[in-house]
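Here the structure is laid out as structure tokens; the discussion comes afterwards.
All ligand and atom numbering here is 1-based and tracks the order in the structure.
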Amino acid sequence: MTATPESRTGARVQRLALARFTTLGVGGEAEVWVVTNHEQLAEAMEEPYRILGGGSNLVISDQGVPERVIRLSGPLAERDLTPDPDLSDPDRIVTGWVGGGVPLPGLIRALQKLGYSNLEGTVGIPAQVGGAVWMNAGTRYGEMFDGLHTLEIATPAGLRVVTPDDLRWGYRDSGIPRNHIVTRVRLKLQKRTPEEVLAKMTLADTARKGQPKMKTPGCAFKNPGGVGAGRLIDEAGLKGTRVGNALIAPEHANFIVNLGGATAADVHALLDLIRQRVGVPLELEYELWPGEVQLGASLPAQWALEPT
Ligand code: FAD
Ligand code: EPU
């Protein structure tokens, strides 16, 4: 067995297919840098890079991406939920640092057991903390910025520590520039009983019962004000439309699922079709790597576009 090559500062560097790191299960190769500390991260950021979280909002090209793909690991994927004695009281907790690479579902479970409230509305989001913060992931029961006290962000100009008040955040948007990396956050939580936190989690969980269980990057489009994107796509009659091995989910029209062996081009074609058929402009929630294709450019004329 050959050892994994290491960079100057000790980051593990390997050429890998990215599909395995995504919930859609699609994506070609890139040079993957696994970094465990700030020094390695700074080295990884010396050349063009992308930061990969839980891969739960990504449609990655079958050709992969030319940039380095950074993954946070080791101490940057650990959590310290101990209340800071200087900033906490019996009702309000400010935790230690939680790494950007920490899986969100496990964090939410741990907070529930401790009876720490504010983030339980994000239950069921298969992200990492850094990706969820960068997108301000959430549901109508709550979002990431409900529970943030401090954010540590690696920028090309160095590390910055900011508070939510320093950022212009909103629905599915943290205001943090692209490729600024959320390395760690401290959480701001309210003390409740574990049962109270569980009750709110159950409510948020129930709201996603109708979502498909197959490989998917979640909702394709952000909800435009008022009516949900899912309902608009449904009303356009597109549920069950298939291109190649990608399908507009019959359970929820804003989800595209991989039936097995789907390509990024299959998904792009469905996204194009939705934008053409739905009467109002829709903003993409998925992120397309390496970039967004021109509207219509990915729709091969010969593909059947009628619902199956
Ligand atoms: P990735 O998909 O890996 O990356 C997404 C973006 O975040 C990329 O631009 C990436 O570069 C950036 N990023 C990743 N890590 C960092 C970091 N450390 N610092 C800075 N930028 C970073 N979303 C919701 O909001 N609500 C939901 O209810 C919801 N439900 C979902 C259900 C399912 C089954 C699935 C598959 C997805 C769902 N999503 C939902 C979408 C997705 O989970 C969110 O968009 C999430 O924020 C993506 O985080 P990630 O860590 O997976 O990021
Ligand atoms: N609807 C339809 N047809 C569909 C889908 C939905 O008519 O195919 C209707 C539903 O019947 C309901 C309304 O649209 O009346 C809203 O649907 P839902 O409750 O599923 O919520 P949503 O707005 O579609 C949002 C988030 C989800 C989040 C859920 C649960 C966005 C884009 N989506 O979905 O987030 O999980 O609420 O809180 O904001 C994601 O962002 O990736 C995501 C999955």
Ion pair present between Arg15 and Glu29, side-chain N to carboxylate O less than 4.0 angstrom?
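Between Glu29 and Arg15 there is a salt bridge, with a charged N closer than 4.0 Å to a carboxylate O.
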Does the protein place any heavy atom closer than 4.0 Å to [atom]?
| atom | value |
| --- | --- |
| atom 2 (C) of ligand 2 | yes |
| atom 43 (C) of ligand 2 | yes |
| atom 10 (C) of ligand 2 | no |
| atom 18 (P) of ligand 2 | yes |

Polar-atom distance check: [X] versus ligand 1, any N or O pair below 3.5 Å?
| X | value |
| --- | --- |
| Arg172 | yes |
| Pro126 | no |
| Gly55 | yes |
| Ile51 | yes |
| Gly53 | yes |
| Asn57 | yes |
| Gln128 | yes |
| Phe255 | no |
| Asn136 | no |

Measure the distances from the heavy atoms of [X] to every atom of ligand 2 and state whether one is below 4.0 angstrom.
| X | value |
| --- | --- |
| Gly230 | yes |
| Glu235 | no |
| Tyr171 | yes |

Numbering the atoms of ligand 1 from 1, which are under 4.0 Å from a heavy atom of [X]?
| X | value |
| --- | --- |
| Ile181 | 19 (N), 20 (C) |
| Met135 | 45 (O), 47 (O) |
| Arg178 | 9 (O) |
| Glu287 | 6 (C), 8 (C), 9 (O) |
| Thr139 | 28 (O) |

Minimum distance, heavy atoms only, to [atom]: which one of [options] is it?
| atom | options | answer |
| --- | --- | --- |
| atom 24 (C) of ligand 1 | Pro103, Gly138, Pro177 | Gly138 |
| atom 38 (O) of ligand 2 | Leu238, Asn223, Thr139 | Thr139 |
| atom 16 (C) of ligand 2 | Glu251, Arg140, Arg208, Arg231 | Arg140 |

Should you measure from each heavy atom of Phe255, which atoms of ligand 2 turn up under 4.0 Å away?
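Near Phe255, the atoms of ligand 2 are 44 (C).
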Okay, side chain of Thr4, backbone of Arg12: is any donor-acceptor separation there less than 3.5 Å?
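Side chain of Thr4 to backbone of Arg12, a donor-acceptor pair under 3.5 Å: no, none is there.
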Quick test: of every protein heavy atom, which one is nearest to [atom], and how far off is it to 0.1 Å?
| atom | result |
| --- | --- |
| atom 6 (C) of ligand 2 | His252 NE2, 3.8 Å |
| atom 36 (O) of ligand 2 | Gln211 NE2, 2.9 Å |
| atom 26 (C) of ligand 2 | Arg172 NH2, 3.4 Å |

Could you tell me which residues satisfy side-chain hydrogen bond (donor to acceptor under 3.5 Å, both in side chains) with Gln190, sequence neighbours excluded, listed by chain and number?
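Expected list: Asn118, Arg192.
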Val35 and Ala44: which non-hydrogen atoms are nearest, and at how many Å?
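Heavy-atom minimum between the residues: CG1-CB, 4.1 Å.
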Between Leu107 and Val102, what is the shortest heavy-atom contact and its length?
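It is CB-CG1, 4.2 Å.
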Not counting sequence neighbours, which residues clear ring pair (Phe, Tyr, Trp, His ring centres under 6.0 Å) with Trp97? List them please.
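Here no residue qualifies.
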